[in-house]
Student: 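Right, I'll just put the structure down here and ask away after.
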Amino acid sequence: MIKGISHIGIAVENLENARELYKTVFSRESSEPEFFGELKFSFVAFGSTHVELLESTTPEGVIRKFIDKKGEGVHHISYEVDDIEAEMTALKTRGVEFITEKPYLNAHKDLVIFLHPRSTKGVLTELIQYMSNRKE
């Protein structure tokens, strides 16, 4: 079952500039920068929903390619689920395609999978199952 929106991923050219913008404009502190693969990222809390600021650390990275094609902005929306496998099974019966065949562990060791934008009107959509009581 989808519990709600976990976070909204925002592709940014420069993470430090984006963190400063959220601090200045929204009076919100962001988490310390973290790294996962080619990503450098930080979270900004807005109640139980977060904004995930994403910077690519390589010219070939997914976020870099996204920015080159579409510019900075919304990259994906992430929905929290109770049981990612059950949600995938239900979505597959409705014709939803996934980017990968199986969920994988993200930087925080939570299970994630992305729905192909073809299945969601062009919106890259992530499902996340938190593996601990911690929510970013």
Student: Quick check for you: to the nearest 0.5 Å, what is the distance between Glu55 atom CD and Leu39 atom CG?
Tutor: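 Between atom CD of Glu55 and atom CG of Leu39 there are 9.5 Å.
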Student: OG1/Thr100 to CG/Leu115 distance, rounded to the nearest 0.5 angstrom?
Tutor: 10.0 Å
Student: Measure the OG1-CD1 distance between Thr58 and Ile63 for me, rounded to the nearest 0.5 Å.
Tutor: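 Interatomic distance, Thr58 OG1 to Ile63 CD1, rounded to 0.5 Å: 10.5 Å.
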Student: Given 3.5 Å as the limit, does a donor-acceptor pair link the side chain of Ser42 with the main chain of Ser31, or not?
Tutor: yes
Student: Ignoring hydrogens, what is the shortest heavy-atom contact between Ile113 and Lys102? Give both atom names and the distance.
Tutor: CD1-C, 3.6 Å
Student: Would you say Val44 and Phe26 make side-chain contact, with heavy atoms under 4.5 Å?
Tutor: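 A side-chain contact is absent here, since even the closest heavy-atom pair is not under 4.5 Å.
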Student: Using side-chain heavy atoms (C-beta onward) and a distance below 4.5 Å, is Leu54 in contact with Ile10?
Tutor: no
Student: Any ion pair linking Glu16 and Arg19 (charged N to carboxylate O, less than 4.0 Å)?
Tutor: yes
Student: To the nearest 0.5 angstrom, please state how far the CD atom of Glu34 sits from the NE2 atom of His108.
Tutor: 3.5 Å
Student: Hydrophobic clusters here meaning ILVMFWY residues chained together by side-chain heavy-atom distances under 4.5 Å, can you tell me if Leu53 and Val25 are in one?
Tutor: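 Looking at the clustering, Val25 is in the same group as Leu53.
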Student: Are Tyr104 and Val112 side-chain neighbours, meaning at least one heavy-atom pair lies under 4.5 Å?
Tutor: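 Yes - at least one pair of side-chain heavy atoms lies under 4.5 Å apart.
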Student: Quick check: closest heavy atoms across Glu38 and Val62, and the distance to 0.1 Å?
Tutor: OE2-N, 3.0 Å
Student: Heavy-atom distance under 4.5 Å between the side chains of Pro103 and Glu85, does that happen here?
Tutor: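 The answer is yes; the side chains approach within 4.5 Å.
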Student: Quick check: closest heavy atoms across Ile84 and Gln129, and the distance to 0.1 Å?
Tutor: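 It is N-OE1, 2.8 Å.
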Student: Locate the shortest heavy-atom distance separating Glu87 from Leu127; write the atom from each residue and the value.
Tutor: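 Nearest pair, atom of Glu87 first, then Leu127: CG-CD1, 3.9 Å.
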Student: Going from NE2 on His7 to NE2 on His76, what distance comes out if it is rounded to the nearest 0.5 angstrom?
Tutor: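 Nearest 0.5 Å value for the NE2-NE2 distance: 3.0 Å.
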Student: Val12 versus Asn17: any side-chain heavy-atom pair under 4.5 Å?
Tutor: no
Student: Going by distance alone, is a donor N or O of one side chain under 3.5 Å from an acceptor N or O of the other, for Glu126 and Ser78?
Tutor: yes
Student: Is any side-chain heavy atom of Lys92 closer than 4.5 Å to one of Phe98?
Tutor: yes
Student: Could you pull out all residues at least two apart from Phe36 that satisfy side chain to side chain contact (heavy atoms under 4.5 Å, CB included)?
Tutor: Phe41, Ala107
Student: Does Phe114 CZ have over 12 foreign heavy atoms under 6.0 Å away?
Tutor: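 Correct, the count exceeds 12.
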Student: Any heavy-atom pair between the side chains of Ser56 and Phe66 that's under 4.5 Å?
Tutor: no
Student: Between Ile77 and Thr120, does the side chain to side chain contact (heavy atoms under 4.5 Å, CB included) criterion hold? Intermediate values first, please.
Tutor: CA-CA 11 Å; Ile77 186 164; Thr120 54; over 6 Å; no
Student: Let me confirm one number: the OG-CD1 distance from Ser119 to Ile99, rounded to the nearest 0.5 Å.
Tutor: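 That separation rounds to 8.5 Å.
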Student: With sequence neighbours excluded, give me every side-chain hydrogen bond (donor to acceptor under 3.5 Å, both in side chains) pair touching residues 63-75.
Tutor: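 Counting only pairs at least two positions apart or across chains, the side-chain hydrogen bond (donor to acceptor under 3.5 Å, both in side chains) contacts touching residues 63-75 are Glu13-Arg64, Arg64-Asp68.
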